[in-house]
2 protein chains.
Amino acid sequence: MASPNPLKKALKKEGLRYTQQRQSIWDEMCATDEHRDAEEIYLSLRNEGMNVSRATVYRTIDVLVKNNLVRKLELGDGRARYEHKMDSGHHDHLICVQCGKIEEFMDETIEERQDQIVDDLGFKLIRHIHQLFVICNDCQ
Amino acid sequence: MASPNPLKKALKKEGLRYTQQRQSIWDEMCATDEHRDAEEIYLSLRNEGMNVSRATVYRTIDVLVKNNLVRKLELGDGRARYEHKMDSGHHDHLICVQCGKIEEFMDETIEERQDQIVDDLGFKLIRHIHQLFVICNDCQ
DNA sequence: CTGCTATTGATAATGAGTCTCAGAAGTTAA
DNA sequence: TTAACTTCTGAGACTCATTATCAATAGCAG
């Protein structure tokens with residue numbers, strides 16, 4: 001059977017070693033569907049008794065992002081958030097400017113228009129950021 | 001005649017004083033349509049002989065952003081860029097991941113879909129970020 | 001002009017993220 | 001399994017954009 005562990009696969013592809021820390025960080029990131037920052041992930045691991053450093057958290061996240069296991073969200077407040085890409089298709093985000101809650105959305109029409117815009121200019125689309133800053137129901 | 005100076009109007013509205021520095025910073029930001037960061041604006045002013053501080057540049061930009069005279073762009077590289085909103089309608093940005101060049105785009109369909117998405121959820125749209133990271137013609 | 005108060009410049013502080021490097025831990029070949 | 005080699009890691013120093021502090025300066029109302 002093929003390796004059921006996407007982390008191991010990614011590390012092998014990159015020629016990197018499989019370590020306790022990398023597994024723990026990946027596990028921790030998959031543990032919830034929240035959008036946490038590096039510090040929150042670091043603190044969760046410490047709370048669970050893992051002896052891991054901030055540097056390793058950042059280093060591992062970089063590997064995960066590069067290998068498409070994790071998405072980095074830049075909300076413009078100077079702290080990147082991360083979400084694992086295990087069980088969700090592509091989507092973008094709605095962020096409540098009041099309570100900070102993050103929801104997801106996906107619109108085929110917008111995706112198509114994006115491709116069209118880039119195509120028309122003869123550019124090549126690498127990635128996109130689309131964030132709707134809102135006031136959510138609870139905050140109105 | 002009404003005040004032809006949008007800066008003065010904004011300062012009055014906020015109950016803030018009109019100063020040399022604020023006028024210079026606003027002038028400098030209107031001087032080009034480039035997307036410059038705070039440091040670039042600061043250095044331009046110093047080059048022109050203005051004795052202004054980084055702190056004042058940041059403080060003034062905050063006022064301008066809050067009053068809708070300037071838009072802040074977060075490109076996810078840790079340096080905010082700014083563009084004045086004097087002669088341009090709403091638009092979003094294409095950023096070349098290779099050379100950093102920034103172009104503008106605007107798509108009515110996308111704007112409509114955004115409103116629809118937010119409406120359907122019963123949220124209130126405050127602002128949005130839509131950035132297409134591309135490889136531009138020159139870089140292909 | 002005078003006095004009150006906002007503003008400024010210089011600089012210290014902050015905070016997310018990166019770098020360094022010696023010791024720890026995977027890996028490989030035998 | 002061990003030796004030999006190389007990558008990883010943790011701790012803390014460091015970077016760099018931005019913010020906070022505070023004494024001195026300068027708008028502005030009367």
Side-chain angles (χ1 to χ4, degrees), chain A residues 3 5 7-29 35-67 70 72-82 100, chain B residues 3 5 7-26 28-29 35-46 48-67 70 72-82 100:
Chain A
S3 168
N5 187 333
L7 172 64
K8 280 186 178 168
K9 212 185 319 182
L11 291 173
K12 174 160 272 181
K13 201 191 76 185
E14 295 278 327
L16 299 173
R17 291 178 179 169
Y18 175 78
T19 65
Q20 282 295 302
Q21 287 86 341
R22 285 172 175 163
Q23 183 66 56
S24 303
I25 292 163
W26 171 235
D27 288 346
E28 181 59 39
M29 297 189 82
H35 303 82
R36 292 181 293 175
D37 63 28
E39 185 67 13
E40 288 169 321
I41 293 162
Y42 166 73
L43 290 176
S44 295
L45 287 164
R46 301 293 291 203
N47 272 348
E48 291 161 20
M50 260 303 286
N51 190 5
V52 74
S53 67
R54 261 175 267 260
T56 298
V57 170
Y58 280 108
R59 285 184 288 228
T60 300
I61 289 175
D62 282 350
V63 175
L64 296 171
V65 169
K66 189 183 304 177
N67 286 276
V70 159
K72 182 177 187 173
L73 304 181
E74 325 256 16
L75 305 186
D77 64 353
R79 270 183 309 145
R81 316 301 159 84
Y82 302 95
Chain B
S3 167
N5 188 332
L7 172 64
K8 281 187 178 167
K9 211 183 324 183
L11 291 173
K12 174 159 273 181
K13 201 191 77 187
E14 296 276 327
L16 299 172
R17 291 178 181 170
Y18 174 77
T19 65
Q20 281 296 300
Q21 287 88 339
R22 286 171 175 161
Q23 183 66 54
S24 302
I25 292 164
W26 170 236
E28 182 57 41
M29 296 189 80
H35 303 82
R36 292 181 293 175
D37 62 28
E39 184 67 12
E40 288 169 323
I41 293 161
Y42 166 74
L43 290 176
S44 294
L45 288 164
R46 301 293 291 205
E48 291 160 23
M50 260 304 287
N51 190 5
V52 72
S53 67
R54 259 175 268 260
T56 297
V57 170
Y58 279 107
R59 286 184 288 229
T60 301
I61 289 175
D62 282 351
V63 175
L64 296 172
V65 169
K66 189 183 302 175
N67 286 276
V70 159
K72 181 177 187 173
L73 304 180
E74 323 258 16
L75 305 186
D77 64 353
R79 270 182 311 145
R81 316 303 158 83
Y82 302 94

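Here is the naming used below: chain letters follow the sequence lines, and residue numbers restart at 1 for every chain. As the structure is a prediction and not an experimental result, all values here were calculated from the model. Side chains are part of it too, since the values below use all heavy atoms of this structure and drop only hydrogens, waters and symmetry mates.
Residue B/R22 is the one, among B/Y42 and B/R22, whose nearest nucleotide of DNA chain C lies closer to the 5' end (criterion: closest heavy atom).
Under the side chain to side chain donor-acceptor pair (under 3.5 Å) criterion, B/N51 pairs with B/R46, sequence neighbours left out. Shown here are the salt bridge (charged side-chain N to carboxylate O under 4.0 Å, His left out) partners of B/E48, two or more places apart in sequence or in another chain: there are none. Listed by chain and number, the residues in a side chain to side chain contact (heavy atoms under 4.5 Å, CB included) with B/A38 are B/V57, B/Y58, B/I61, B/Y82 (sequence neighbours excluded). In this structure, the side chain to side chain donor-acceptor pair (under 3.5 Å) partners of B/Q23, at least two apart in sequence or on a different chain, are B/N5, B/Y18, B/D27. With sequence neighbours left out, B/E39 forms a side chain to side chain donor-acceptor pair (under 3.5 Å) with B/R54. For A/D37, the side chain to side chain donor-acceptor pair (under 3.5 Å) test picks out A/R79, with sequence neighbours left out. With sequence neighbours excluded, the residues forming a salt bridge (charged side-chain N to carboxylate O under 4.0 Å, His left out) with A/E28 are A/R36, listed by chain and number.
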(Q) The test is side chain to side chain contact (heavy atoms under 4.5 Å, CB included); show your working for B/T56 and B/Y42 and say whether it passes. (A) CA-CA 9 Å; B/T56 297; B/Y42 166 74; over 6 Å; no
(Q) Could you go through B/T60 and B/Q21, starting from their C-alpha distance and side-chain angles, then the distance that decides it, and tell me whether this counts as side chain to side chain contact (heavy atoms under 4.5 Å, CB included)? (A) CA-CA 8 Å; B/T60 301; B/Q21 287 88 339; 5.6 Å; no
Q: Go through B/S24 and B/L45 one step at a time and tell me if the side chain to side chain contact (heavy atoms under 4.5 Å, CB included) criterion holds.
A: CA-CA 8 Å; B/S24 302; B/L45 288 164; 4.0 Å; yes
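C/dA6 atom P lies 14 Å from atom CD of B/E14, rounded to whole Å.
Note: B/T19 OG1 to B/L7 CG = 8.0 Å, rounded to the nearest 0.5 Å.
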Q: Treat primed atoms plus P, OP1 and OP2 as sugar-phosphate and everything else as base, then score nucleotides 11-17 of chain C 5' to 3': B for base contact with protein heavy atoms under 4.0 Å, S for sugar-phosphate contact only, - for none.
A: -----SB
With the criterion being N/O to N/O and under 3.5 Å, what pairs connect the protein with nucleotides 24-26 of chain C, and how long is each?
unit_1: C/dG26; atom_1: N2; unit_2: A/R17; atom_2: NH2; d: 3.0
unit_1: C/dG26; atom_1: N3; unit_2: A/R17; atom_2: NH1; d: 3.3

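Heavy atoms only, all atoms of each residue included: B/K72 and B/A80 are closest at CE-CB, 3.7 Å.
Residue pairs satisfying the salt bridge (Lys or Arg N to Asp or Glu O under 4.0 Å) criterion with at least one member in residues 15-26 of chain B, sequence neighbours excluded, are absent.
Among the protein residues, B/R59 comes within range of the nucleic acid bases, having at least one heavy atom under 4.0 Å from a base atom.
A 4.0 Å heavy-atom criterion places the boundary nucleotides of DNA chain D facing chain B at D/dA17 to D/dC28, written 5' to 3'.
Across its full length, the helix from C/dC1-D/dG30 to C/dA30-D/dT1 shows an angle of 40° between the axes of its 5 terminal pairs at either end, rounded to 10 degrees.
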